[in-house]
Amino acid sequence: MEIIRPHVEQVLSPALQQLGITNENWKSMIAPSREKSMGDLSLPCFAFAKQLNMAPNEIAEKLQSLIENNDIIDEINSTAGYLNFKASANWLADYVVSGNVRIGDALGGLPTGAKSVLIEHTSANPNGPFHVGRARNAILGDTLVRLHRLYGNEVRSEYYVDDMGKQVAVLAWALANLKPEQVDDILSDRESINDMWNNKPDHERVRWYQAAQVLRNDDSVKEGIEKAIADMVHASENGDDEVLAAFENAYQPVLDGMLETLNRLRINFDEFTKESLFVTNGDVSKIMEKLSTLEIHGVADNGAEYLDLGTRGLKGKTEFYFRRGDGSSLYATRDIAYHIWKFSQCNNLINILGEDHKLQSKQVSLTLNELGYDSPEVLFYSFIKLPEGKMSTRKGNVVFMDDLLEEAKAHAANLVREIRTDYSDVEITEIAEAVGTSAVRFNIIKVSPDKGFTFRWEEALAFDSDSAPFIMYSHTRSRSISNKCLALGITFDIIDNSKLQNENHEIPNSMYELLRVMVTHNDALSKSVEQNRPNLFANQLLNLANSYNGFYRDCKVISNGKVNEMYLAVSEIASKLMKSGMIGLGISPLEQM
RNA sequence: GGACGUAUAGUGUAGUUGGAUAUCACUCUGGCCUUCUAAGCCGGCGACCCGGGUUCGAAUCCUGGUACGUCCGCCA
């Protein structure tokens with residue numbers, strides 16, 4: 001509870017001086033109380049023991065006796081060597097109803113003049129539909145975009161389109177050379193496409209890609225295909241307009257299909273940047289020339305060039321190749337050009353990458369440093385696997401995001417139909433879509449990114465206490481109260497705040513607990529944003545919803561047809577916090593469910 | 001073989017960067033709907049991978065194991 005820190009320091013400072021503690025290291029020792037029942041902030045007194053030649057609990061007791069309670073901190077206790085400070089419930093209530101808790105705006109509408117950041121995420125090869133593994137990137141990335149906006153940062157989200165690599169070349173080759181019957185024939189032993197996605201281009205065209213991959217492993221034809229593909233890749237790297245246009249015609253519909261899926265998850269981009277841009281505009285060759293002049297530069301027998309990053313902290317294989325023997329660039333080289341361009345747009349860069357990119361990212365980062373640039377911040381995530389093992393498009397054991405979203409929606413619809421018999425089909429569909437997509441997002445966000453997890457249908461479709469619907473449900477309760485009060489002619493806006501303040505209210509314990517969560521809301525947000533860990537804020541929102549439920553149980557806003565204005569004020573502000581927080585996580589705040 | 005990451009109740013997870021009786025949820029179990037949506041609330045059971053070290057104090061830091069994941073292409 002950072003808001004009371006200055007007040008704690010103020011009363012603590014003279015007391016510590018009296019004991020003979022003069023330097024101010026103690027300020028950094030004040031931390032949120034681990035035992036929430038004991039206090040909001042605590043000072044562990046163990047470190048003073050030696051200097052003062054006293055037992056920690058004696059020191060805590062002594063300090064306690066030297067400090068008087070005040071209006072803000074109305075409880076100071078000492079136990080087990082800790083000095084605990086508790087904020088006054090009345091002060092917290094005043095603080096909250098006076099509108100001091102920053103609500104924030106996850107849509108970025110509140111200009112705060114804070115940092116501006118460019119977040120690159122997803123950037124998946126446009127060769128097939130999203131499966132839930134690939135989607136972890138998009139969901140983490142978009143959530144980070146939203147949270148930064150909620151926090152007040154100016155954010156630009158980018159998708160880096162890989163429009164010139166081998167994967168796109170394979171797709172383009174297949175579309176130009178294979179007839180539908182051939183593709184069906186080659187893939188005859190596979191599960192056929194889900195009828196629902198028959199006309200969705202990412203699902204359609206990925207079959208051409210898969211068929212080509214099969215042929216590339218077929219000894220009787222592979223030589224000619226490899227040659228044709230290599231020629232296309234080579235031409236694209238030399239900026240051949242015709243080939244690049246053919247590539248674009250091949251992948252753009254696929255990309256559109258993929259974006260349709262993301263759009264359903266409320267994931268959007270401000271800008272798409274094509275990899276080929278940095279080849280055709282000459283940036284890549286300029287960078288390669290510059291890298292050639294560096295001290296750590298080296299040349300292989302066939303003329304390929306690399307940097308030896310061993311002296312820059314890279315372990316294992318230290319050569320980082322940036323130019324092939326034939327003079328062309330590599331993916332990483334182009335990525336360096338892209339990063340330099342990104343730095344020209346924005347000072348703070350964040351990348352969302354799978355853990356398989358760790359080495360590559362390190363190489364790019366060290367090379368950027370070599371050229372005088374900063375390193376981007378990177379959020380790495382582990383892969384999602386299936387109970388049967390790794391997800392692999394090749395083996396056919398994938399769960400497509402499109403299928404997951406349909407299942408989630410259907411599951412939600414069944415649930416709504418069961419418990420809300422008075423809802424219309426239109427309402428049910430709307431609610432089911434919101435609940436399904438929100439639940440899918442939240443299940444991925446709530447887990448720490450560096451933890452690999454196993455996708456299980458029953459977990460993905462569990463809509464109880466640890467899920468988005470739980471949060472959404474608390475929010476609809478608050479909306480329902482609001483609407484009932486409106487019907488009685490009382491709204492939050494017309495309540496006279498000054499009437500609520502400076503009074504000694506009866507504050508039930510569950511309301512006090514809710515207030516405590518509310519005033520730490522922005523502590524959690526700032527930590528989540530500064531450390532690029534969306535799961536921390538997901539947890540905060542669960543706590544907020546949970547404590548709102550306790551408040552809802554004990555504090556009847558409307559009782560015998562009369563509105564308790566204090567309760568209404570707290571409920572409304574909590575409601576706004578839940579709503580903005582949900583938008584920050586990409587969860588749909590509903591009015592009813 | 002080397003580099004990096006992960007390891008917490010039966011299951012899934014949190015842990016504010018070294019502090020108190022380790023969080024939450026599922027499962028199991030006992031209770032709560034004639035007043036604001038029971039997708040909810042209240043109670044019970046149950047865990048820090050193994051060994052050493054640093055420290056007043058270690059789930060957290062160091063070190064050695066073990067298990068799992070990822071990488072170690074002039075691929076992307």
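Here is the naming used below: chain letters follow the sequence lines, and residue numbers restart at 1 for every chain. What's counted below: heavy atoms across the whole structure, side chains too, no hydrogens, waters or symmetry copies.
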task = Could you check which nucleotide pairs with B/G57 in any of the strands shown, counting Watson-Crick or G-U wobble with both distances under 3.5 Å?
result = none

ask   = More 5' along RNA chain B: A/K358 or A/Q167, using each one's nearest nucleotide?
value = A/K358

request  = Would you kindly compare A/K315 and A/Y423 by the position of their nearest RNA chain B nucleotide and give the one closer to the 5′ end?
outcome  = A/K315

query = For B/C72, does either OP1 or OP2 sit under 4.0 Å from a side-chain N or O belonging to A/K362?
reply = no

inquiry  = Does B/C26 have its OP1 or OP2 closer than 4.0 Å to a side-chain nitrogen or oxygen of A/S465?
reply    = yes

query = Among the nucleotides B/A39, B/G12, B/A76, which one has an atom lying closest to any side-chain atom of A/Y473?
reply = B/A39

Within the modelled atom types, does a donor on one side and an acceptor on the other bring the side chain of [X] and the base of [N] under 3.5 Å apart?
X      : N     : result
A/N84  : B/A20 : yes
A/N543 : B/C24 : no
A/S448 : B/A14 : no

query = Between A/Y552 and A/K556, is there a cation-pi geometry (under 6.0 Å to ring centre, at most 45° from the normal)?
reply = yes

request  = Classify the nucleic acid contact of A/Q360 as base, sugar-phosphate or nothing, counting any heavy atom under 4.0 Å across all strands shown.
outcome  = base

A/F46 ring over B/C56 six-membered base ring, under 5.5 Å and 30° = no

